[in-house]
Amino acid sequence: MVELSDGVPTDIHGDPDNPTSEGYFCIKGKASLDLLRSPDRLTTPLMRTGPRGSGEFEPVSWDAALDRIGSELAATIGRHGPESVALAQGTDRNYQEWVFRLANAIGTPNVVGPAHVCFYPRVMASIMTYGAFTFCDYDGDPEVVLLWGSNKPSTHSDGVIGIKLLRAVERGSRVITVDPRRTQTAARSSLHLAIQPGTDCALALGMIKIVVDEGWYDHDFVAAHTSGFDELVAHVKAYDIERVARITGLAPGLIHEATRSYALAARACIEAGTGLSQNENSFDTHRAIALLAAICGNIDAPGGDVIWEPMPIEGRRAFPRSDLLPEEQAKKRIGGDKHKILSMSGWVAPGDLHEAIVTGSPYPITSMLVFGSNMLASHENTELVRQAMSKLDLVVVCDLFMTPTARYADVVLPTSSWLERDQIVEFNSYIAARRKIATVQGCRSDEEIILQLAERLGLSEHFFPSLEAALDAKLAGIELTWEQFTKIGYIRNEKRYHKYREGGFRTRSGRVNLMNNGLRSMGYEPFPVFRRPPETDPALPYLMTSAHPRQFYNTEFHQLPTTSRGQTTARVTVHPDTADREGLTDGEEVDLFTRAGARGVRMTVKISDSVAPNVVMADAGWWYPGASSVDDSLRSSVNLLTDNDRSDVHMGSATMRGVAVGIRRLGPGRG
Ligand SMILES: Nc1nc2c(c(=O)[nH]1)N[C@H]1C(S)=C(S)[C@@H](COP(=O)(O)OP(=O)(O)OC[C@H]3O[C@@H](n4cnc5c(=O)[nH]c(N)nc54)[C@H](O)[C@@H]3O)O[C@H]1N2
Ligand SMILES: Nc1nc2c(c(=O)[nH]1)N[C@H]1C(S)=C(S)[C@@H](COP(=O)(O)OP(=O)(O)OC[C@H]3O[C@@H](n4cnc5c(=O)[nH]c(N)nc54)[C@H](O)[C@@H]3O)O[C@H]1N2
Ligand SMILES: [Mo]
């Protein structure tokens with residue numbers, strides 16, 4: 001709820017009637033008015049005048065900027081084909097379907113983003129298992145919530161926010177947390193499994209074995225609605241509890257107790273988060289968890305994992321118009337032969353794209369349009385990203401702020417924030433009309449920019465005469481216009497349980513694929529397998545992992561007073577034993593490194609026994625807005641240390657959690 005005084009926003013707070021938030025409001029929401037007022041906002045298009053990264057730009061008009069982009073794109077499409085244009089977006093935002101529609105209309109299959117390390121490993125694992133993806137039914141009062149690599153109370157995801165979990169706990173739900181870190185929720189959980197980073201796949205397979213051995217699975221559901229159970233039983237024989245305990249660093253008794261508690265609960269759901277999606281086991285970890293949930297009969301059950309049914313609007317599914325992309329173009333998607341499951345979802349993994357740009361193979365990629373991603377900080381392997389961005393003929397970055405990534409652009413387009421645009425917001429539980437209530441002069445929304453680019457590229461037939469016409473078209477399926485919808489505000493999505501009882505699951509067989517022959521025919525294992533534990537090297541004795549910070553949003557908000565107050569440098573949390581061993585004091589600066597002698601990542605030490613002695617927890621997503629060079633602004637960016645060496649074969653998920661590192665002190669040792 002935004003308070004307006006003479007049309008000017010003066011205050012912002014939560015909306016008690018909102019079906020998702022129930023009025024809960026986080027610090028990032030509170031910072032929204034900072035976004036309108038920030039003196040650092042970009043307010044005019046810029047063209048680069050100095051070398052890439054130098055930060056030297058001159059202001060130009062919108063027409064000059066868009067004309068240049070239009071003509072350079074037309075030229076490269078003419079010379080090298082539409083696939084030479086790559087589009088990029090960061091975290092899922094409400095205009096994502098517009099980016100895909102533009103790509104499809106241009107005819108390029110190359111859209112890059114962090115999908116490989118964000119929600120897509122989970123989404124694709126669920127789709128390959130039961131034909132859809134699910135969300136936790138907190139309103140259905142689960143007896144047990146298995147919070148696995150997810151820190152829900154700090155991070156909202158999938159349109160269900162932490163407050164729903166906290167309310168369920170108030171009503172009696174028990175939480176089991178699987179997290180290498182003792183988070184606030186872990187401390188209040190009935191069980192906390194402080195797992196070694198990157199080993200969750202072994203745990204999930206071990207839990208399946210226990211459920212099978214003890215006979216705790218849902219016999220009727222397994223018989224009626226799954227296929228491949230006997231083969232699964234044979235497959236998990238290799239994951240006996242002693243072996244799993246060794247891999248994960250967890251006591252066998254604790255694993256058994258957690259499994260019993262989850263499997264025997266009448267209602268139980270699993271919140272599987274991004275903590276599982278950033279290592280080489282990512283897809284199989286999520287698939288093993290999907291199998292565990294299925295055999296326990298919790299899919300589409302009250303208080304369980306409920307399958308999402310989108311509302312019949314032209315939203316995330318239909319609006320991208322994948323029919324516009326010819327089959328022979330889709331086949332050219334970079335990485336399509338390598339990371340086949342990611343490719344099925346329409347995304348390209350950053351490592352694959354950047355490699356193709358740098359090598360020019362299998363074909364030239366010359367241009368990139370970035371709609372809201374600070375990829376020099378957020379993609380793994382910063383050095384490769386930098387090489388790729390340096391090589392492109394045309395880089396366009398749409399952003400609110402001058403980020404390290406924007407400094408590499410030829411053309412920067414100033415973008416509006418969420419308060420400055422009309423948008424249909426599509427969540428699991430509802431759709432909402434988000435209305436424009438403010439204007440920052442000079443800025444345009446991504447949707448407007450895409451409409452104007454489409455016009456210059458002669459693609460208007462695939463778009464709309466105006467933004468309002470587009471919003472009307474999106475709502476046609478529910479027989480509303482945008483104008484009418486703004487008066488209604490939001491519409492709740494209907495939740496229905498046990499939908500499979502009517503027509504089966506949306507898989508080819510209509511059953512849950514415990515064994516997946518489709519995966520086999522693509523050259524993958526039909527069952528999840530745990531590959532290997534994170535590497536250990538005596539020179540790199542610690543396993544670095546990370547979490548999304550409560551007061552920032554990925555790499556965002558470091559320049560805003562409300563959110564940056566209280567933390568001005570990136571932190572690494574180390575155990576007191578580690579501090580003793582390395583001679584570290586609280587608050588001192590250190591470098592984390594992965595190669596002796598190579599540049600490290602600068603972090604401020606925080607000593608706490610919330611992590612194990614061999615685990616270090618580094619803040620991800622850091623950059624310093626005030627720094628004079630790109631190098632300096634990225635000095636605390638953990639992706640200086642990540643690479644594409646150990647990535648998931650299905651999705652290309654890079655290893656960002658469970659990276660072997662050493663700690664280098666900068667000053668003399670502790671007394
Ligand atoms: N090491 C490590 N790396 C990670 C992660 C990690 O945990 N560890 N997390 C990964 C995950 S899950 C994700 S999703 C990615 C996030 O990666 P990104 O999405 O690249 O990161 P963001 O900070 O969200 O970048 C968004 C940029 O968009 C701008 N922006 C905000 N709103 C808008 C808008 O409406 N329009 C436009 N055009 N721009 C806008 C912001 O100012 C910001 O510069 O990072 C990934 N990288
Ligand atoms: N406040 C805030 N909210 C956000 C974001 C943000 O940056 N800030 N980012 C948004 C985005 S793009 C995303 S993808 C989501 C992510 O939200 P979540 O899915 O909650 O993911 P994270 O917070 O990245 O990590 C969750 C937990 O995983 C733990 N973890 C780390 N390594 C491992 C491991 O190997 N195994 C296990 N089991 N756990 C591990 C971390 O300690 C952390 O507590 O949040 C979204 N919401
Ligand atoms: Mo994400």
Side-chain angles (χ1 to χ4, degrees), residues 26-28 35 42 88-95 99 113-120 122 147-158 161-162 177-183 185-186 193-200 203 248 271-279 281 285 350 370-380 397-406 413-418 420-421 423 445-447 449 534 543-559 610-611 615 617-621 623 637-639 641-642 654-659:
C26 76
I27 189 163
K28 303 182 294 328
L35 272 178
L42 298 169
Q89 203 204 313
T91 185
D92 191 351
R93 295 186 194 274
N94 291 295
Y95 58 82
V99 174
H116 66 318
V117 290
C118 186
F119 291 120
Y120 277 77
R122 182 173 82 72
L147 193 63
W148 202 332
S150 163
N151 188 22
K152 208 71 194 189
S154 289
T155 57
H156 138 278
S157 60
D158 292 11
I161 74 170
T177 300
V178 187
D179 197 308
R181 179 172 61 136
R182 195 176 63 247
T183 58
T185 318
L193 281 64
I195 194 167
Q196 286 287 296
T199 63
D200 300 84
L203 176 63
T248 57
E271 192 73 69
T274 310
L276 310 175
S277 305
Q278 303 183 351
N279 63 61
N281 296 299
T285 305
V370 182
F371 294 94
S373 175
N374 190 1
M375 50 199 233
L376 268 175
S378 63
H379 288 182
E380 70 273 10
V397 172
C398 308
D399 206 299
L400 286 75
F401 295 100
M402 182 53 73
T403 63
T405 307
L413 300 177
T415 319
S416 53
S417 75
W418 65 282
E420 302 153 50
R421 54 176 95 183
Q423 223 170 30
S445 70
D446 300 84
E447 293 92 324
I449 294 169
L543 279 180
M544 178 185 81
T545 190
S546 51
H548 286 238
R550 182 190 278 272
Q551 78 276 35
F552 301 115
Y553 194 77
N554 305 324
T555 73
E556 267 193 282
F557 300 158
H558 289 285
Q559 61 281 87
S610 61
V611 294
V615 173
M617 191 81 193
D619 286 344
W623 65 287
S637 174
V638 287
N639 285 323
L641 300 183
T642 57
T655 296
M656 296 167 159
R657 311 227 175 166
V659 180

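Note that the structure is predicted; figures quoted are calculated from it, not measured. Atoms within each ligand, like the ligands themselves, are counted from 1 in listed order.
Under a 4.0 angstrom heavy-atom cut-off, H379 registers as lying outside contact with ligand 1. Using a 4.0 Å heavy-atom cutoff, T642 is absent from the residues neighbouring ligand 1. Contact annotation: S546 has at least one heavy atom less than 4.0 Å from an atom of ligand 2. Note on ligand 1: R421 sits in its first shell, one or more heavy atoms being nearer than 4.0 Å. Within the structure, ligand 2 lacks E271 among the residues with a heavy atom less than 4.0 angstrom away. Contact annotation: E380 has no heavy atom less than 4.0 Å from any atom of ligand 1.
Comparing S378, G275, C118 by heavy-atom distance to atom 17 (O) of ligand 1, the nearest is S378. Of all the listed residues (V370, N374, D399), D399 holds the heavy atom that lies closest to atom 44 (O) of ligand 1. Proximity annotation for atom 7 (O) of ligand 1: of R657, M402, M656, R657 comes nearest, heavy atoms only. When T655, T555, L42 are ranked by how near their heavy atoms come to atom 22 (P) of ligand 1, first place goes to T555. Remark: among candidates G658, P180, A547, the nearest residue to atom 40 (C) of ligand 2 is P180, based on non-hydrogen atoms.
Every atom of ligand 2 is numbered from 1 in the order shown, and the set under 4.0 Å from a heavy atom of T183 is 44 (O). Below 4.0 Å from some heavy atom of Y553 lie the following atoms of ligand 2, by number and element: 4 (C), 5 (C), 6 (C), 7 (O), 8 (N), 9 (N), 10 (C), 47 (N). Short contacts between ligand 2 and S150, defined as distances under 4.0 Å to a heavy atom of the residue, involve ligand atoms 20 (O), 26 (C), 27 (C). Taking a cut-off of under 4.0 Å to the non-hydrogen atoms of D200, the atoms of ligand 2 that pass are 34 (C), 35 (O), 36 (N), 37 (C), 38 (N). Close contacts of ligand 2 with G273, meaning ligand atoms under 4.0 Å from a residue heavy atom, involve 19 (O).
The distance from atom CG of L42 to atom CG of L400, rounded to the nearest 0.5 Å, is 7.5 Å.
Looking at P114 against ligand 2, nothing comes within 4.0 Å, counting heavy atoms. At a heavy-atom distance under 4.0 Å, only side-chain atoms of T415, from C-beta outward, approach ligand 1. The proximity of M617 to ligand 2, defined as any non-hydrogen pair under 4.0 Å, is limited to the side chain. Contacts between T155 and ligand 2 below 4.0 angstrom, taking non-hydrogen atoms only, involve backbone and side chain alike. The proximity of A620 to ligand 1, defined as any non-hydrogen pair under 4.0 Å, is limited to the side chain. With a heavy-atom cut-off of 4.0 Å, F552 touches ligand 2 through its backbone alone. Contacts with ligand 2 closer than 4.0 Å are made by side-chain heavy atoms of K28 only, the backbone lying farther away. For T91, heavy-atom contacts with ligand 1 shorter than 4.0 Å involve the backbone as well as the side chain. When non-hydrogen atoms are compared, ligand 1 lies under 4.0 Å from the side chain of Y95 (C-beta onward) but not from its backbone. Using a 4.0 Å cut-off between heavy atoms, T545 contacts ligand 2 through its side chain alone, with no backbone atom that close.
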Might you work through the side-chain hydrogen bond (donor to acceptor under 3.5 Å, both in side chains) test for E447 and Q423, ending with a clear yes or no? CA-CA 9 Å; E447 293 92 324; Q423 223 170 30; 3.0 Å; yes
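Ligand 1 has a nitrogen or oxygen under 3.5 angstrom from a nitrogen or oxygen of Q278. Among the atoms of S373, some N or O lies under 3.5 angstrom from an N or O of ligand 1. For ligand 1, the polar-atom distance check against T274 finds no nitrogen or oxygen pair separated by under 3.5 Å.
Every residue two or more places apart in sequence or in another chain was checked for a side-chain hydrogen bond (donor to acceptor under 3.5 Å, both in side chains) with T655, and none qualifies. Partners of H548 under the side-chain hydrogen bond (donor to acceptor under 3.5 Å, both in side chains) rule, at least two apart in sequence or in another chain, are N554.
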